[in-house]
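Here the structure is laid out as structure tokens; the discussion comes afterwards.
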Amino acid sequence: MNRAFYERGVVDVARDLVGCVLRHGDTAGAIVETEAYHETEPACHAFVGLTARTRVLFGPPARAYVYRSYGIHALFNAVCEDEGVGAAVLIRAVEPLEGIELMRQRRGLVRAEDLCSGPGKLAQALGIELDLNGSDLLGGPISIEAPRPGWEAPELLVGPRVGITKAAELPWRFCAAGSRFISRPRPLNPQPGIRPL
DNA sequence: CATGGGATTGACT
DNA sequence: GTCAATCCCATGC
């Protein structure tokens, strides 16, 4: 993907990232679930303004925002929109494509459906840790590529974001319909409808 | 400087 | 279904 891809509205980027290939080292997977976060709504870390934590979110687009969640897991986001605007797409699940044995070692699991079916799981499986926070997605260690040739764009399920208490009504979660690799809870309604910022 | 709250996961009842 | 683990950092005194 190029810089202009990430410079657009974060909800559009979240939708368009479904199907793209997330790669780090010898591991890669097709993105099947994303969520958008924007500084104007309180579920976004950038809502509090520019701090040490949100520095990367407010920086230029096409960078990785990686933070620790619940003291245990690393969560990976792609920074979007213009520099000075805090917005990012959380990658919530990928379908394993390459390096599956390495993913199994890192996760201590066998079933492919369990390797990357959640934001903390996929970061562990792909070996993404906090040291990659702020790294460039164009030419850096993590990259996101256009969907593979022959990859068929699925119907998208749109619904509320997972695990948040504020701005929970916004339908900013996007899932590839029918994928066995998305996280729980499974989205309920295949409803269209994107609320503008 | 002390405190509290998570964009989660896996184990257990 | 419930619940604890555990780190970073924002906030408030």
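So you know, we letter chains A, B, ... as the sequences are listed, proteins then strands, and number each from 1.
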Contact state string [nucleotides 2-13 of chain B, B base, S sugar-phosphate only, - no protein heavy atom under 4.0 Å]: ----BBBSS---
Any donor-acceptor N/O pair, A:Glu35 side chain to A:Val162 backbone, under 3.5 Å: yes
Identified side-chain contact (heavy atoms from CB on, under 4.5 Å) counterpart of A:Leu115 within the set A:Arg104, A:Lys121, A:Glu95: A:Arg104
Interatomic distance, A:Arg55 CZ vs C:dC9 C1' [rounded to whole Å]: 12 Å
Beyond-backbone contact of A:Val158 with A:Arg15, side-chain heavy atoms, under 4.5 angstrom: no
Criterion ring-ring contact (aromatic ring centres under 6.0 Å, His included) on A:Tyr37 and A:His45, from CA distance to verdict: CA-CA 8 Å; A:Tyr37 287 86; A:His45 292 167; 7.5 Å; no
Pairing string, 5' to 3', for DNA chain B - Watson-Crick or wobble contacts under 3.5 Å, brackets [ ] where pairs cross, | to another strand: ||||||.|||||.
Ion pair check, A:Glu41 and A:Lys166, cut-off under 4.0 Å: no
Charged N-O contact under 4.0 Å between A:Arg180 and A:Asp114: no
From A:Leu22 atom CG to A:Cys116 atom SG, the distance as rounded to the nearest 0.5 Å: 9.0 Å
Non-hydrogen atoms of A:Glu39 and A:Cys44 that approach each other most closely: N-SG, 3.8 Å
